[in-house]
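Working notes, beginning with the structure itself.
Read the numbers this way: they start at 1 and go in the same order the structure lists the ligands and their atoms. Every value quoted in this text rests on a predicted model; they were computed, and no experiment measured them.
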Amino acid sequence: MAVDTPLINPLREGLVDGRRPQPFTLVIFGAAGDLAHRKLFPALYNLLLDHWLPNHFNIVGIARQPYSDDQFRHEVESAIRQFSRRPWEADEFSRFADEIHYITANFDDPQAYVQLRDILGQISKRQHIPHNYLFYMATPPSFYPKIAQHLGDAGLNRPVEDTDWVRVIVEKPFGRDLHSAQDLNTQLHQVFDERQIFRIDHYLGKETVQNILVFRFANGIFEPLWTHQYIDHVQITVAESLGVEGRGSYYDNAGAIRDMVQNHMLQLVSLIAMEPPVAFEADAVRDEKLKVLRAIRPFTTRDVAEYTVRAQYDSGLIDGTMVPGFLDEPDIASDSRTDTYVALRLLIDNWRWAGVPFYLRTGKRLAKRATEIAIQFKTAPHRFFSQTATPELEPNVLTLKIQPDEGIALRFGAKVPGPVVRIRTVNMEFLYGTSFADAAPEAYERLLLDSMIGDSTLFTRKDEVEAAWTLVTSILQGWARAKNPVPTYESGSWGPPEADQLVSRDGFRWRRP
Ligand code: BG6
């Protein structure tokens with residue numbers, strides 16, 4: 001008799017049963033900033049409309065901009081009006097947060113944390129709710145250690161009662177190399193336990209990214225094929241048509257490898273390559289992802305030269321408009337060698353993936369915005385159809401379309417109707433837009449809700465972040481030693497010719513998303 005061992009996440013089962021998060025107060029450091037306005041306030045508002053928020057929910061914003069509580073409330077309102085995926089409804093907003101407060105302060109002013117503790121205590125007392133606190137670090141990363149330290153000094157890092165909870169959400173970038181990421185982990189751990197720390201990678205909040213595990217492990221037909229025996233190679237593309245968009249000073253210090261590869265792309269690799277976890281539960285899932293990161297073959301200096309390509313965008317046409325090159329963007333050093341494009345080849349040295357190359361590429365100012373994972377299968381072992389029957393026959397490719405046209409497509413050969421045998425490649429396609437009536441929630445909605453219920457499955461763990469940085473740091477070190485000029489690519493193109501050579505050397509070509 002088959003034994004049924006479902007993948008269970010007790011925290012999420014609670015939500016299915018209609019339980020909502022416990023009452024809590026969200027404290028946003030950097031509440032006057034872009035992230036809070038564009039993502040956090042709208043996400044909270046949409047969670048409210050979907051009835052996911054608890055009966056009592058409060059916000060305390062902290063930032064340097066001088067606002068009164070009323071002005072801050074007005075800011076929250078206008079952010080929701082401007083950026084929410086659902087339309088503004090004044091009645092709904094009146095139920096939004098029981099209390100909205102604002103503290104004008106420098107993040108390194110100890111007095112601010114005393115004031116914060118008083119406000120939090122008063123809110124709990126007035127509403128008769130537990131001291132459940134969710135601290136959100138939406139500031140430049142240099143402030144993270146200081147904020148954590150001050151929260152600790154004010155005694156805000158530990159629950160007041162055993163049944164209360166205190167959690168901290170840390171935004172990316174989490175460090176800029178292995179050493180700084182380890183330092184940041186150490187500093188956070190001086191104040192918070194690992195289970196209190198929720199490191200955000202917003203790609204994990206995307207529906208299509210979560211669907212990778214469902215696709216692989218809730219269906220019987222794909223997983224048996226998911227090995228080196230049947231898979232030829234994997235291509236992961238994260239293409240953006242936008243440039244650095246006013247974030248020049250951050251980006252010039254980061255580059256595409258820190259901005260996209262270390263976090264989002266290596267997370268995609270882990271989800272595609274991981275073994276089935278024993279349960280759909282935070283540590284079980286993250287243990288398996290970590291094993292993948294650790295199995296990626298390290299890059300020697302020679303490997304960096306051979307298997308990585310970095311490049312910078314030059315001017316060019318995007319949607320018919322001429323855009324400037326990277327070096328002419330504001331806040332970019334005129335001699336910058338920062339990568340706005342990266343392509344690389346990874347090998348995962350384990351039983352399942354031996355010999356299967358994973359090609360990753362990401363870049364700004366590319367021909368279009370498209371994120372997809374293409375799994376290319378090996379061809380049939382023996383071709384008994386004649387060459388003339390199959391002039392266009394391509395390999396089977398399964399494409400997980402992460403955005404913007406969310407869905408999954410499978411390409412295979414089909415007989416062209418008629419008296420002679422001719423085979424043409426056709427597409428079998430699932431589209432979210434046609435299969436599901438409701439629009440998918442934004443990544444931040446899901447991630448905020450998970451942090452409220454204490455589910456860290458979709459947040460990166462300390463060892464995962466460090467394993468990803470170990471790999472990326474070896475590439476950064478190889479690049480630092482290289483003296484050759486950084487290639488350029490025309491804005492609106494698909495990247496530099498060097499990236500095409502990276503795959504053509506192995507007999508492949510990049511797919512056109
Ligand atoms: C962010 C990067 O993490 O992800 C940005 O800092 C990038 O540079 C963005 O544009 C891409 O996210 P998305 O959800 O638009 O693919």
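We find that Arg345 and Asp506 are joined by a salt bridge, their nearest charged nitrogen and carboxylate oxygen being less than 4.0 Å apart. A salt bridge is absent between Asp287 and Lys291; no separation between the charged side-chain nitrogens and carboxylate oxygens falls under 4.0 Å.
On a distance-only criterion, Tyr251 and ligand 1 share no N/O pair closer than 3.5 Å.
The protein non-hydrogen atom at the shortest distance from atom 16 (O) of ligand 1 is Tyr203 OH, 2.5 Å. Looking only at heavy atoms of the protein, atom 12 (O) of ligand 1 is closest to His202 NE2, 3.1 Å. In terms of protein heavy-atom proximity, atom 8 (O) of ligand 1 is nearest to Asp259 OD2, 2.6 Å.
A donor-acceptor pair under 3.5 Å is formed between the side chain of Asn157 and the backbone N or O of Val191.
Here is the list of ligand 1 atoms found below 4.0 Å of a heavy atom in Lys206: 13 (P), 14 (O), 16 (O). Atoms of ligand 1 lying under 4.0 Å from at least one heavy atom of Lys364, given by number and element, are 5 (C), 7 (C), 8 (O), 10 (O). Near Arg369, meaning under 4.0 Å from any of its heavy atoms, are these atoms of ligand 1: 15 (O). Residue contact check: Lys172 has heavy atoms under 4.0 Å from atoms 1 (C), 2 (C), 3 (O), 6 (O) of ligand 1.
Paired with Glu442 under the rule salt bridge (charged side-chain N to carboxylate O under 4.0 Å, His left out), one option of Arg86, Lys206, Lys39 passes, and it is Lys39.
Heavy atoms of Arg247 approach ligand 1 to within less than 4.0 angstrom.
Put simply, the side chain of Lys172 reaches to within 4.5 Å of the side chain of Asp259, judged on heavy atoms.
Within a 6.0 Å radius of CG in Asp405, no more than 12 heavy atoms belonging to other residues, nucleotides or ligands are found.
Ala273 approaches Trp353 most closely through the heavy-atom pair O-NE1, 3.0 Å.
Across the listed options Glu171, Glu245, Glu240, Glu240 owns the non-hydrogen atom lying nearest to atom 7 (C) of ligand 1.
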